[in-house]
*Asks:* 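Here it is, the structure in full.
Predicted model, so just to flag it, every value in this text is computed and none were measured. For this chain, numbers begin at 1 and follow the sequence in order. When a ligand or atom number is given, it counts from 1 through the structure's own listing order.
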Amino acid sequence: MNSKNFASQSITIAKFGGTSLADFHTMLRCAHIVKKDTSNRLVVVSASAGVTNYLVRLSKKNVSVKEQALIIAEISVIQFNITQHFTSKIKEPLNIEVHNLLNILSHYAHSQFNQYSAKTADKVLSFGEMFSSTIFTKVLQSIGVVCEYFDVQQVMKTNSYFGKAIVDEQLLKIACQQLLLPSLMNTVFVTQGFIGQDKLGNTTTLGRGGSDYSAALLAEALNGNRLAIWTDVVGIFTTDPKITSQAKAIKEISFGEAREMATLGAKILHPATLAPAMRNDISVFVGSSKEPEKGGTHIKHQVDYTPTYRSISHKREQTLVTIRSVTVLQQSTFLAKVFIILAKYELSADLVTTNEFSVALAFDNSENTIPTLLISTVVENLQEFFEVTVEHNLSLIAVIGNDLNNTKGIGQSVFGKINEINIRFISHGASTNNVCLLVKDKDTNQVIESLHDSLFSYMT
Ligand code: ADP
Ligand code: ASP
Ligand code: MG
């Protein structure tokens, strides 16, 4: 097929998450999803379930040689449990490839032990996607899909901010047009989510859960028409279905609503995923690789129905810093002084409430976001001027919807059912699309269940 035909061909970028690639049988199901729809041209994979968590442990400082060996053994069990299902013709060379990757991984783990670096940590973290993409290519080939392995580091060029690298979208586009697009109609490519490469050739990672984002960026760079996120639930729900069985699947949702959900903690999509799709009018589908026949959620620019209440998201590990002015500063001077200190450390708060002499700031302290050390440094600096209290182990719960600023009865609907709970913080008014609360971590599930009951029980 020549490049003239691209305009008429629909290009889908299909991303499969960790649970979808957990073992040989789940991989086979994903392979059939790819085969069934010939518009699937690029497949982006996460690491098999659990592998990145092992790699995170392996990438830390001071992991003993014994513990390293145990972790690597766990990872090899996961990988060889998958490869054992191939015929010996495929299995033997594939096992050699997996062994080689394991040896390289152990080399990096050892060097991390001798001298820790964030650079080596990212190298270690990248192995999950290296294993899964190598193996999944073989699964696809074994069912007759013409496909090739593609090293995403050739195109996903990033800065050197290890652990949360920023992608150079222009370089990505140029490299994709040169290296992938010309062959895309002849072969399906299988590549890694989550990882990239800096200018010096070092491997980088985009942050936990980043494969969704990789897939969206690749869809943009290839002028794709559709991004399909295949995961372990049949689409986006009114809240995390793991928290309440009352959660309802949403058939259609706007980009704005879905982005708000992802930003405010819905794990189903990495928060950065939707921006590239929105910019390029790429339709996004979220469905279950286990039950593809059940359909899923379509994310669109325009939807027929925009309900007042759409969903409830949550983020754990939030920290609330309350700052009180001890002198009688004018409020403007007080706030300015607080924010100058935050700016000095490039620390931004997710939520803010204030009155004349105090301000409360909520920070996301979860993995891969703001390091605890940074928050304590800023707190120490603030304490030179103000009275400061710090509360950890809070959860942010966000009710997401439409036109909430102009809706009557929010107080009753949102707070009516949770009056037994100590709400540490409320933010409403700055956005028409959400009401945010901070509660103690231990109350999270109860609050979500009660809110869900109050806001969504009308849905069948
Ligand atoms: P993957 O490995 O496929 O990327 P993730 O575990 O990252 O999968 O995301 C899927 C999970 O997101 C679901 O199993 C579910 O528990 C969680 N989740 C959180 N909020 C929602 C929501 N609103 N709708 C659906 N799933 C959600
Ligand atoms: N494997 C990576 C993680 O577990 C990226 C992803 O799954 O999206 O965070
Ligand atoms: Mg995910």
Side-chain angles (χ1 to χ4, degrees), residues 14-22 26-27 29-30 33 44-57 59 75 78 122 124-133 152 156 163-165 191-196 204-217 227-251 253 257-273 286-291 296-297 299 309-316 366-368 397-400 444-445 448 451-452 456:
K15 178 261 169 177
F16 294 94
T19 348
S20 302
L21 303 169
T26 56
M27 279 199 178
R29 271 200 304 248
C30 297
I33 290 174
V44 178
V45 296
S46 292
S48 295
V51 173
T52 310
N53 287 347
Y54 281 123
L55 293 169
V56 168
R57 279 172 50 194
S59 70
I75 295 171
I78 297 175
D122 263 12
V124 167
L125 289 183
S126 72
F127 275 81
E129 276 69 13
M130 303 297 286
F131 289 121
S132 60
S133 53
V152 84
M156 196 65 77
K164 213 166 189 183
T191 200
Q192 308 79 35
F194 181 56
I195 64 184
T204 54
T205 63
L206 311 187
R208 291 303 305 268
S211 297
D212 301 331
Y213 180 42
S214 303
L217 286 171
L227 169 64
I229 306 276
W230 294 101
T231 180
D232 59 351
V233 285
V234 293
I236 300 180
F237 281 64
T238 46
T239 194
D240 187 343
K242 286 197 182 105
I243 292 201
T244 167
S245 58
Q246 298 304 308
K248 307 281 188 304
I250 300 169
K251 283 283 148 213
I253 188 167
E257 291 168 319
R259 189 165 64 168
E260 196 87 357
M261 286 178 73
T263 312
L264 290 165
K267 195 184 167 217
I268 185 83
L269 286 176
H270 181 279
T273 310
V286 181
S288 162
S289 65
K290 202 168 151 197
E291 301 170 297
T297 304
I299 309 176
Y309 300 111
R310 178 57 100 180
S311 64
I312 304 166
S313 290
H314 73 284
K315 284 205 249 188
R316 293 182 190 269
S366 57
E367 188 174 19
N368 244 312
I397 296 182
V399 172
I400 291 148
T444 313
N445 288 18
I448 294 176
L451 283 177
H452 196 274
F456 298 105

*Asks:* Just jot down the side-chain contact (heavy atoms from CB on, under 4.5 Å) partners of Ala272, sequence neighbours excluded, or say none.
*Replies:*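 side-chain contact (heavy atoms from CB on, under 4.5 Å) list for Ala272, sorted by chain: Tyr213, His270.
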
*Asks:* Compare all side-chain heavy atoms of Lys290 with those of Thr19 and state whether any distance is below 4.5 angstrom.
*Replies:* no

*Asks:* Donor-acceptor check, side chain of Thr239 to backbone of Ile312, threshold 3.5 angstrom: yes or no?
*Replies:*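 Here the side-chain-to-backbone pair exists.
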
*Asks:* Report yes if some heavy atom in the side chain of Leu269 is under 4.5 Å from a heavy atom in the side chain of Met261; otherwise report no.
*Replies:* no

*Asks:* Anything with a heavy atom under 4.0 Å from ligand 2 counts, so go ahead and list those protein residues by chain and number.
*Replies:* Ser46, Ala47, Thr52, Glu129, Phe194, Arg208, Gly209, Gly210, Ser211

*Asks:* Strictly by modelled atom types, are Thr204 and Asp122 linked by a side-chain donor-acceptor pair under 3.5 Å?
*Replies:* no

*Asks:* Tabulate below the donor-acceptor pairs under 3.5 Å that side-chain atoms of residues 124-132 make, not counting sequence neighbours, or state none.
*Replies:*
residue : atom : partner : partner atom : Å
Ser126  : OG   : Lys123  : O            : 2.6
Glu129  : OE2  : Ala47   : N            : 2.9
Ser132  : OG   : Ser46   : O            : 2.7
Ser132  : OG   : Gly128  : O            : 3.2
Ser132  : OG   : Glu129  : O            : 3.3

*Asks:* Could you tell me whether the side chain of Ser313 and the main chain of Ala398 form a donor-acceptor pair under 3.5 Å?
*Replies:*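 No; judged by distance alone, with no hydrogens or angles, the pair does not exist.
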
*Asks:* Pick out the protein N or O atoms lying less than 3.5 Å from any N or O of ligand 1, and list each pair with its distance.
*Replies:*
residue  : atom   : partner : partner atom : Å
ligand 1 : 2 (O)  : Gly18   : N            : 3.1
ligand 1 : 3 (O)  : Thr231  : OG1          : 2.7
ligand 1 : 4 (O)  : Lys15   : NZ           : 3.0
ligand 1 : 6 (O)  : Lys267  : NZ           : 2.9
ligand 1 : 8 (O)  : Thr231  : OG1          : 3.2
ligand 1 : 12 (O) : Ile268  : N            : 3.4
ligand 1 : 14 (O) : Asp232  : OD1          : 2.8
ligand 1 : 14 (O) : Asp232  : OD2          : 3.1
ligand 1 : 14 (O) : Lys242  : NZ           : 2.7
ligand 1 : 16 (O) : Asp240  : OD1          : 2.7
ligand 1 : 16 (O) : Lys242  : NZ           : 3.1
ligand 1 : 23 (N) : Phe237  : O            : 3.0
ligand 1 : 24 (N) : Phe237  : N            : 2.8

*Asks:* Quick check: does any side chain N or O of Ser20 sit under 3.5 Å from a backbone N or O of Phe16, one acting as donor and the other as acceptor?
*Replies:* no

*Asks:* Between Thr191 (side chain only) and Val152 (backbone N and O only), is there a donor and an acceptor less than 3.5 Å apart?
*Replies:* yes

